[in-house]
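Numbers restart at 1 for each chain; the letters A, B, ... are given by sequence-line order, proteins then strands.
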Number of protein chains: 2
Amino acid sequence: MPKDDCNTSGDRLYQMLATLKSHDFRITPQRLAVLKILAASEDHPSVEQIYEKVRVEFPTTSLATIYKIVALLKELNELLELGFPDESNRYDGKKPFPHPHVICTKCKKIMDPELTSFDELKEEIARKTGFRIIHHRLDFFGLCRECQKVE
Amino acid sequence: MPKDDCNTSGDRLYQMLATLKSHDFRITPQRLAVLKILAASEDHPSVEQIYEKVRVEFPTTSLATIYKIVALLKELNELLELGFPDESNRYDGKKPFPHPHVICTKCKKIMDPELTSFDELKEEIARKTGFRIIHHRLDFFGLCRECQKVE
DNA sequence: TCTTAAAGGAGAATGGTTCTCTATAAAGAA
DNA sequence: TTCTTTATAGAGAACCATTCTCCTTTAAGA
Ligand SMILES: [Mn+2]
Ligand SMILES: [Mn+2]
Ligand SMILES: [Zn+2]
Ligand SMILES: [Zn+2]
């Protein structure tokens with residue numbers, strides 16, 4: 001199975017928990033809540049959005065705690081961060097490795113497109129620049145189907 | 001001539017001046033200095049770097065002025081902005097349209113690679129997602145040749 | 001020159017993120 | 001189950017690249 005196939009959210013939750021445990025990090029209610037949200041999110045939520053969802057179950061949770069958990073998961077390579085200079089960062093807990101994104105500039109939706117012709121591009125880059133490529137970032141900005149309808 | 005061929009810095013300076021004039025923006029010494037720097041820059045300078053260069057000739061220049069000029073050129077599509085969430089934005093005045101970049105994570109050098117297999121990728125995206133793609137951002141992060149040598 | 005609105009200079013404000021410090025509680029030991 | 005240790009949570013201050021505000025200066029046409 002290719003690694004970018006959509007796993008069930010249960011698989012991802014289990015994987016993230018296993019990684020935390022194997023590094024002797026404690027499983028706190030706040031961490032578990034964030035993990036569940038990330039493992040189940042079809043969109044690419046922001047820290048603020050994760051925060052609001054966690055507060056439904058744990059109203060006293062601090063925003064700093066969410067930031068800390070997100071930083072930890074990022075460090076453990078269990079979370080992909082999409083940083084944006086003008087707005088909040090967005091996170092992908094289902095596919096924690098670099099992959100292309102399609103971003104609607106109007107409704108801010110972020111999707112994972114299926115692409116076949118990307119691998120040869122990566123090879124061409126390494127060959128022509130002499131760089132040792134560590135990771136990449138590929139974003140297409142535009143209007144999603146829904147936002148094209150509204151004038 | 002394809003639009004991404006490297007023009008001389010004189011061509012770019014003339015083009016940027018023409019755009020400013022055609023929109024009735026005034027040609028001030030500060031604007032001219034920034035334009036010259038952008039038209040001549042082989043790297044992708046930050047606002048701070050542009051600021052330092054301008055201050056050699058005009059020591060009283062304000063940082064806010066550089067930000068304003070950069071914003072204006074961006075608005076006129078004469079400057080490409082590469083925003084980064086953790087560090088300063090970088091600018092390309094020679095190729096003011098979206099194009100791939102190769103970024104050294106150690107020395108922060110940013111280069112323009114030559115790529116042939118990128119056009120089919122763009123077509124595949126539009127076809128498969130239904131998005132109307134307006135622009136894109138493609139960055140490869142890694143170590144440049146020089147930074148690979150140092151351990 | 002003269003006029004006037006655009007542009008520059010200086011510093012405050014912004015806001016997402018990070019840091020700091022104290023209180024709390026997870027997890028292993030007894 | 002209770003105890004102990006120390007990682008983690010909570011709260012708010014600090015950070016800092018960028019933007020904004022307000023006043024002064026000046027480019028450019030008359
Ligand atoms: Mn994704
Ligand atoms: Mn470039
Ligand atoms: Zn949309
Ligand atoms: Zn380098």
- For atom OH of B:Tyr14, is the number of surrounding heavy atoms from other residues, nucleotides or ligands below 6.0 Å larger than 12?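 Not buried by this count: 12 neighbours or fewer within 6.0 Å.
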Between [X] ([atom1]) and [N] ([atom2]), how many Å, whole number?
| X | N | atom1 | atom2 | value |
| --- | --- | --- | --- | --- |
| B:Phe58 | D:dT25 | CZ | P | 18 Å |
| A:Lys108 | C:dG16 | NZ | P | 13 Å |
| B:Glu75 | D:dT19 | CD | C1' | 15 Å |
| B:Asp86 | D:dC16 | CG | P | 13 Å |
| B:Ile66 | C:dG8 | CD1 | P | 9 Å |
| B:Tyr51 | C:dG11 | OH | P | 11 Å |
| B:Leu72 | D:dC20 | CG | P | 15 Å |
| B:Ile69 | D:dT19 | CD1 | P | 14 Å |

- Are A:Tyr91 and A:Leu73 close enough, and set up right, to give a side chain to side chain contact (heavy atoms under 4.5 Å, CB included), and what steps lead you there? CA-CA 10 Å; A:Tyr91 296 88; A:Leu73 292 171; over 6 Å; no
Return the minimal non-hydrogen interatomic distance between [X] and [Y], and the atom names on each side.
| X | Y | answer |
| --- | --- | --- |
| B:His101 | B:Ile110 | CD2-CG2, 3.6 Å |
| B:Pro96 | B:Asn77 | CB-O, 3.7 Å |
| A:Glu78 | A:Met16 | OE1-CG, 3.7 Å |

- Side-chain N or O of A:Ser62 closer than 4.0 Å to phosphate OP1/OP2 of D:dA11: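 A:Ser62 to D:dA11 OP1/OP2: no side-chain N or O under 4.0 Å.
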- Item | Steps toward side chain to side chain contact (heavy atoms under 4.5 Å, CB included) verdict (A:Lys108, A:Phe84) | CA-CA 12 Å; A:Lys108 310 300 179 190; A:Phe84 298 95; over 6 Å; no
- Annotated protein contacts, base or backbone, on nucleotides 17-30 of chain C with a non-hydrogen cut-off under 4.0 Å, one of B, S, - each: BBBB-----BS---
